[in-house]
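Taking it in order: structure first as structure tokens, then the write-up.
In the text below, chain A, chain B and the rest are named by the order of the sequence lines, each starting its count at 1. On a predicted model such as this, the values are computed, not experimentally measured, just so you know.
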Protein chains: 2
Amino acid sequence: MRITIKDVAREANVSIATVSRVINRKDKVKEETRLKIMKAIEKLNFIPDYHARTMVQKKTKMIGFMPPELANGYWSELSDVIQDALWKKGYALLVASHNMDEEKINSILDLFQERNVDGIILGPLTSRKNIYLEKSIENLRNRRVALVTLQGNNIPGITSVDVDHLGGAMSAVQYLINSGHEKIAYIGAVSASREREFGYRNALTFNHIPINEEIVILTDYIENFTEFGYEAAGKLVSRKKFTAIFCGNDLIAFGVIKALKEMGVLIPEDVSIVGFDDISSSKIISPMLTTIKQPIKEIGSTVVDVLLDQMSAETGSITKKIVLPTELIIRET
Amino acid sequence: MRITIKDVAREANVSIATVSRVINRKDKVKEETRLKIMKAIEKLNFIPDYHARTMVQKKTKMIGFMPPELANGYWSELSDVIQDALWKKGYALLVASHNMDEEKINSILDLFQERNVDGIILGPLTSRKNIYLEKSIENLRNRRVALVTLQGNNIPGITSVDVDHLGGAMSAVQYLINSGHEKIAYIGAVSASREREFGYRNALTFNHIPINEEIVILTDYIENFTEFGYEAAGKLVSRKKFTAIFCGNDLIAFGVIKALKEMGVLIPEDVSIVGFDDISSSKIISPMLTTIKQPIKEIGSTVVDVLLDQMSAETGSITKKIVLPTELIIRET
DNA sequence: CTGAAAGCGCTAACAG
DNA sequence: CTGTTAGCGCTTTCAG
């Protein structure tokens, strides 16, 4: 059925070892025999069996990627970048989104172990304590699987790549303050990034503006950020005590914008809005969203670099925390 | 280093064959020994090596998915659906987007072959003739790899799952006509779906409205649909001869909306717009986009069903073309 | 019900 | 430069 190295060897009248040599282009092989073998490979349409090779080499050239979801500008854009960067280095990407479902997280990790991925890129995980997860991670580490985490879940001992949420949030709020706002509301999700909330609080405090908890709306992880923003904006308006809103991410901001428009609130005349992430839709919504841009390309390439570094390092490299800068993108809101 | 079936066998004082039996829950094993082995597995944290298993079983439980890109609402939403459906059936997804790059398409297909995926879900491919691709596909078919294509590339002999682009486009244009429009423009990409353009033409013809080629703007595949829509709208306005625009997809429509707004054209008072796809951003843009909805969930589950069917069928099943219906979603534009 | 042994397809010493 | 051979970790007859 399947064409194997044996068939090629027979066809070319050499031993399987020699065939192996030419497909791995390692040891020297006489040009003449190389050509002969190449021809046989061509003729038989031979593609070496990855699994057999893997079994002896112990390298799968496969990286597991576990984002919370794909159907969301931020993660899908990042996936593309990561996939592309990895591809260029000869690695394939096994993608499995977990939707913050604990059971799925565990089973994905099991799958990654079973399939022997060389490395894993973790997205944010549920903050709840998960014994099984901890055990899996320890296992993974014992087996020297490279691990990197995106959007720092601060799992001890794992190198993380993330942006400066705190700083980004502070600059967003500072911008609002510089524009003359004092009553600035915050709408955000705790699970996604607590630091953005802290940045908000810090900036206000730093400017001697008291924090009014009435206009701080938080939620845990939710499926649909946009809907959450829409509803939160509704609540906020009924409290009428703000002239600007800093949103935990762009999707939330989209919901907010929609709600405000429906209620006849003018943006930015009545209320200014700043988001976070700068996903591609931010440019197409109207008014165009002012937001904190995450350097997605750099995040993707950095995470890949870090991962590959870790895999090539003989001895376990030390745990780092890599923080990338954000940038304020001023648009219309 | 790695825990193998041997370690478990030793720990439980049985042969490796028996261990294999319990992890595969096939042959009968005495309950007592089963328990003993389970305990050993637990204790040693044993996870069977997938590659070794695959080598003898010839099934990888892995499906390759090759969309044009991920960073686009349509494909990322679909990926999530497919991944989830497959996951439930015990399959992992190997994702690789090709960005319409011919070389990458070829190399991805090679990778899929080398890694022995059980099935492949193809996205739209370049329309240009690609000998290498044809050969790969033939190879794949010879090796009985299940193949399904999304957004019908009409590769002969491959079952496709797609929506009714023609019908959807016709209903979009018909809706516009019913709303009193006669001068309806079309902006679309040829590669994505020629049928949408045909639907546009058909609907006009069917209603005895002559087609004005001046307000039909086409392009080949482009990286950024939104930008294309933005520019196309600019050209269109200078020609001033339309009261409605049917866009080949939502992203294009977003660009159009942005351009019209900037030029002070009111939507829908001056110009009505209908898109195609109903990606999630369509609801957050303002005004909310009237569009043709693709049933993404159904597309995803259908494609998975078809694929699994094909894999379980002993004899090569016949090539089908599955067409799913679309739905007109009337919103504000 | 359980063990022994023969591969699966390939790589990596080890000889020649 | 090239061939022989011993595994990689697991499943699967075939005996017992």
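- Of all nucleotides listed (C/dC10, D/dG3, C/dT2), C/dC10 comes nearest to the side chain of A/V56.
- Taking the side chain of A/S20 as heavy atoms from C-beta on, and the options D/dC10, C/dT11, C/dA12, the nearest nucleotide is C/dT11.
- Ranking D/dT12, D/dG9, D/dC10 by closeness to the B/M55 side chain, first place goes to D/dG9.
- Distance from the side chain of B/R21 is smallest to C/dG3 among C/dG3, C/dG9, C/dT11.
- For B/S15, the side-chain atoms get nearest to C/dG3 when compared with the rest of C/dG3, C/dT11, D/dT11.
- Side-chain polar atoms of B/E69 and B/N72 form a donor-acceptor pair below 3.5 angstrom.
- Judged purely by distance below 3.5 Å, without hydrogens or angles, the side chains of B/S79 and B/S76 never pair a donor atom with an acceptor atom.
- Closest contact between the side chain of A/R53 and the listed nucleotides C/dT11, D/dT11, C/dG3 involves C/dT11.
- Nearer the 5' end of DNA chain C, as judged by each residue's closest nucleotide, is the contact made by B/T18, out of A/I47 and B/T18.
- Taking 4.0 angstrom as the limit, A/K58 places none of its side-chain polar atoms (N or O) nearer than this to OP1 or OP2 of C/dT11.
- Of the candidate nucleotides D/dG3, D/dG9, C/dT2, C/dT2 has the atom nearest to the side chain of B/V29.
- Protein atom CD1 of B/I16 is 8 Å distant from nucleotide atom C1' of D/dG9, rounded to whole Å.
- In this model, no donor atom of one side chain and acceptor atom of the other lie less than 3.5 Å apart for B/S136 and B/N106.
- Look at NZ on A/K28: it is 17 Å from P on D/dG3, rounded to the nearest Å.
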